[in-house]
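So the structure is just underneath, and the comments pick up after that.
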Protein chains: 2
Amino acid sequence: MSRRELDPRKELILKVVTDDYIESAEPVGSRTIARKYNLGLSPATIRNEMADLEEGGYLKQPHVSAGRIPSQQGYRYYVDALMPQKELTEEELTLIRSYFEDRSREIDSILQQTVKILAQLTRYPSIMLGPTLKPAVFKHVQLIPLSARDLLILIVTDMGIIENRVIALDSPVAQGDLDRVSYILNKRLRGRPFIDFKSSVLRELREEIKANNGIFQKAVNLILNTLETRDKERIYLDGIINILDHPEFKQVEKFKLLMELMEEEEKLYRLLSSRQQGLKISIGEENQEEAAQECSLITANYEVGGQVVGTIGVLGPTRMEYAHVVSVVDYIAQKLSEFLSSL
Amino acid sequence: MSRRELDPRKELILKVVTDDYIESAEPVGSRTIARKYNLGLSPATIRNEMADLEEGGYLKQPHVSAGRIPSQQGYRYYVDALMPQKELTEEELTLIRSYFEDRSREIDSILQQTVKILAQLTRYPSIMLGPTLKPAVFKHVQLIPLSARDLLILIVTDMGIIENRVIALDSPVAQGDLDRVSYILNKRLRGRPFIDFKSSVLRELREEIKANNGIFQKAVNLILNTLETRDKERIYLDGIINILDHPEFKQVEKFKLLMELMEEEEKLYRLLSSRQQGLKISIGEENQEEAAQECSLITANYEVGGQVVGTIGVLGPTRMEYAHVVSVVDYIAQKLSEFLSSL
DNA sequence: GCTTAGCACTCGCCTTTCGGGAGTGCTAAC
DNA sequence: GTTAGCACTCCCGAAAGGCGAGTGCTAAGC
């Protein structure tokens, strides 16, 4: 990533063009810049600089008699070197903070609400990859008989995520047996991370499995199964319609492409799960996913106890309000991390 | 609802116009009908009949030199009296049946998948109002200590719906106390419908509440709270993008209106929850919700043990494949009822 | 008396045409 | 290196015109 390879005046003009285009969605001409931004330069000078910037690949012209817009490379330079640091407004800060102060809800609704607030503040579609169970720790495991033939297995993690499954039994089981199995499972599992289950815990349990009847085996299988099902973390979405406010999606086709991406959990998952590195911006064709190649994606990871567990992100047109979105995403990720860690 | 008020030939022409318009989305002219449907009538005759139908309010013209399209009243007559009964194809039947044969998943995913299959078969956006808890029966209630200060309350219904909440305690509680409370709750609640809780059960429990310590009170409050939160049933959605395949939504504005409706749980809830009467079709402005007034909504209720518990529906343009959608919605509602009742 | 052929007429839609305007690149002067 | 001037390009929106689908009416036919 080449920074500072342009001289200051070219940088200034690239910045002004990008800022203006982000705001107006219209190609920016030399005259507009001279009039609007008072750079102390004549349109002709600006034209010369813009021609150079175009030659360097930072700007492009939709057609010969239009103004310039940033190219993908231009956005990249802007994001890396020119973008202003944008502080969140007092209202925004208050909104986010006050939202995370309410601790009474269950985790799923908190996550859903977090995406909603992200979409609301950025006015772009927002995505979240729910917390992975990998670093999660068993807090409680229990078998509960629902009827003669149905057994409920309950798994609670330290983060408050609760999984439950029902197993149908071949034959009735005595409460005492269940309690014993629950007791052993808890003794072995409590405090252990999920990730150890398949590797080490399973081995340790082998003898107990032998010693006990089929229930134990079933319970263990169910835990395994649950861990695997939950391996693909849930994806949360909100504010998809926001994308319709932007002229680049006025043609239904463009919108449909994106909408299809949004309905494909698998693709979203791929898009988000590869992003384990703090705040990340990918612009246009830097995105692998074809449907997102006219978009930019800004993501940040959130953590529990210092360990990355998930990702939140915002998807918008390449002509996106980078500065603002970066601040919002970053701050919300941070607050969410604090929140989850405090549970 | 006036049926059979048109003479047979007018009915025939209304039916043909409607069928053709549903298929082609283009206004239908007299010539087209004469050529395509071989009614043994000349275009001129058909024109006369169409003029009569227009006068009667069954057809309308988008503009004077275009063909006719059905009016809302025309669709209504079509739906009430003319619509052919459409059998599902063998593939469709197999798909639905095979889907409901797999009994291993949890209820939430079953409901989500049901909407998905509905959207897939109809090619319209599909909605479901999740089963109400009103007629649900307590199957199991239990308090489980997670740590010194956290208590999990678990409520299982006969339909396999599982609710859980965590309460923070002021002070530690002995396992014995918890077991006793769980025992009493189960004894009192098992087999009783949720709806009795607030009215009669609560009264019966009053003495126990007094006799026991604060836990009991807390648990009861939490159950109350859970029942109330779950009072608004969950809404499931799928296939919203399908709407983009239809020319009436090519303008982004139209689509946006509908999309906003889809994001407003409250409105969807109102739209669906008022439909306790088997299969129902509402056309255009028969819908209360403004955003749906260029749409038709076809819904059916599903039942558990003979009692209506929820609604599934399909939303499409008024120019909708009524016959096909009716069959699909009806059949899926029926299969879903059987499925849920068998749990 | 209903049905139909003929015909004039209407009107949306598509294509073409045609300025106007915004913006450029080049050149020459400062 | 900067800037004024100017010719040139080309998108865009409005206006114009022709096409075609479809109609309603009239008068003749069965």
Side-chain angles (χ1 to χ4, degrees), chain A residues 6-14 16-21 23-71 74 247-248 250-251 319, chain B residues 6-14 16-21 23-71 74 247-248 250-251 319:
Chain A
L6 296 174
D7 67 59
R9 199 169 70 184
K10 286 202 172 52
E11 286 197 340
L12 178 62
I13 287 176
L14 177 55
V16 166
V17 169
T18 310
D19 282 339
D20 197 84
Y21 182 62
E23 195 195 319
S24 70
E26 299 286 334
V28 189
S30 55
R31 190 190 199 80
T32 317
I33 296 180
R35 226 181 329 161
K36 202 160 152 191
Y37 295 91
N38 260 348
L39 305 184
L41 297 170
S42 75
T45 311
I46 294 169
R47 270 207 293 285
N48 286 331
E49 293 289 37
M50 293 208 297
D52 290 351
L53 282 167
E54 179 164 5
E55 204 167 346
Y58 299 96
L59 294 180
K60 60 184 182 184
Q61 277 182 298
H63 48 263
V64 70
S65 77
R68 257 67 172 212
I69 64 177
S71 66
E248 27 274 272
K250 280 291 172 242
Q251 306 110 295
R319 184 189 63 78
Chain B
L6 296 175
D7 68 59
R9 199 169 70 183
K10 286 202 173 51
E11 285 197 341
L12 179 61
I13 287 175
L14 177 55
V16 165
V17 169
T18 310
D19 282 339
D20 197 82
Y21 182 62
E23 195 195 319
S24 70
E26 299 288 334
V28 189
S30 55
R31 191 190 196 80
T32 317
I33 294 181
R35 224 180 332 160
K36 203 162 152 189
Y37 293 92
N38 261 346
L39 306 184
L41 297 171
S42 75
T45 310
I46 296 169
R47 269 205 293 286
N48 286 332
E49 294 288 37
M50 294 208 298
D52 291 351
L53 282 167
E54 179 165 4
E55 203 167 346
Y58 297 97
L59 294 180
K60 60 184 181 184
Q61 278 182 297
H63 47 264
V64 70
S65 76
R68 257 71 171 209
I69 64 177
S71 67
E248 27 274 272
K250 279 293 172 242
Q251 305 110 296
R319 184 189 63 77

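Each chain gets a letter, A, B and so on, in the order the sequences are listed, and its residues count up from 1. Side chains are part of it too, since the values below use all heavy atoms of this structure and drop only hydrogens, waters and symmetry mates.
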Between [X] ([atom1]) and [N] ([atom2]), how many Å, whole number?
| X | N | atom1 | atom2 | result |
| --- | --- | --- | --- | --- |
| A/K10 | D/dT2 | NZ | C1' | 13 Å |
| B/I13 | D/dT23 | CD1 | P | 11 Å |
| B/L59 | D/dT23 | CG | P | 10 Å |

Footprint string (nucleotides 13-19 of chain C, 5' to 3'): B base within contact, S backbone only, - free, heavy atoms under 4.0 Å:
-------
Taking only side-chain nitrogens and oxygens of [X], does any of them come within less than 4.0 Å of OP1 or OP2 of [N]?
| X | N | result |
| --- | --- | --- |
| A/T32 | C/dG23 | yes |
| B/R68 | D/dG22 | no |
| B/R31 | C/dA5 | no |

List the residues meeting side-chain hydrogen bond (donor to acceptor under 3.5 Å, both in side chains) with A/Q61, not counting sequence neighbours, and say none if there are none.
none
Any residue in residues 33-42 of chain A with a heavy atom nearer than 4.0 angstrom to DNA chain C? Just list them by number, or reply none.
none
Checking side chain to side chain donor-acceptor pair (under 3.5 Å) for the pair B/D20/B/Y37: CA distance, chi angles, key distance, verdict?
CA-CA 10 Å; B/D20 197 82; B/Y37 293 92; 2.6 Å; yes
How many angstroms lie between [atom1] in [X] and [atom2] in [Y], if you round to the nearest 0.5 Å?
| X | Y | atom1 | atom2 | value |
| --- | --- | --- | --- | --- |
| B/L59 | B/K10 | CG | NZ | 11.0 Å |
| B/D52 | B/R47 | CG | CZ | 13.5 Å |
| A/S24 | A/K36 | OG | NZ | 6.0 Å |

As a test of reading the structure: which of D/dA21, D/dT23, D/dC10 is closest to the side chain of A/V64, going by heavy atoms?
D/dC10
Look at the side chain of A/S65 and decide which nucleotide, out of C/dT24, D/dC10, D/dG22, has an atom nearest to it.
D/dC10
Is a salt bridge present between B/E54 and B/K60, judged by a nitrogen-to-oxygen distance below 4.0 Å?
no
Tell me, please, which residues at least two apart from A/R9 pass side chain to side chain contact (heavy atoms under 4.5 Å, CB included).
A/D7, A/L41, A/T45, A/E49
My understanding is that only residues two or more places apart in sequence, or in another chain, count here; which of them pass side chain to side chain contact (heavy atoms under 4.5 Å, CB included) with A/A51?
A/R68
Using heavy atoms and a sub-4.0 Å distance, could you list which residues of residues 44-56 of chain A are near DNA chain D? By number, please.
A/A44, A/T45, A/R47, A/N48
Passing option when B/L12 is tested against B/V17, B/L6, B/L39 for side-chain contact (heavy atoms from CB on, under 4.5 Å):
B/L39
Polar side-chain atom of B/T18 near backbone of B/L14 as donor-acceptor pair, under 3.5 Å:
yes
Is it the case that the side chain of B/S71 and the backbone of B/G57 share a donor-acceptor pair, with hydrogens and angles ignored and the cut-off at 3.5 Å?
yes
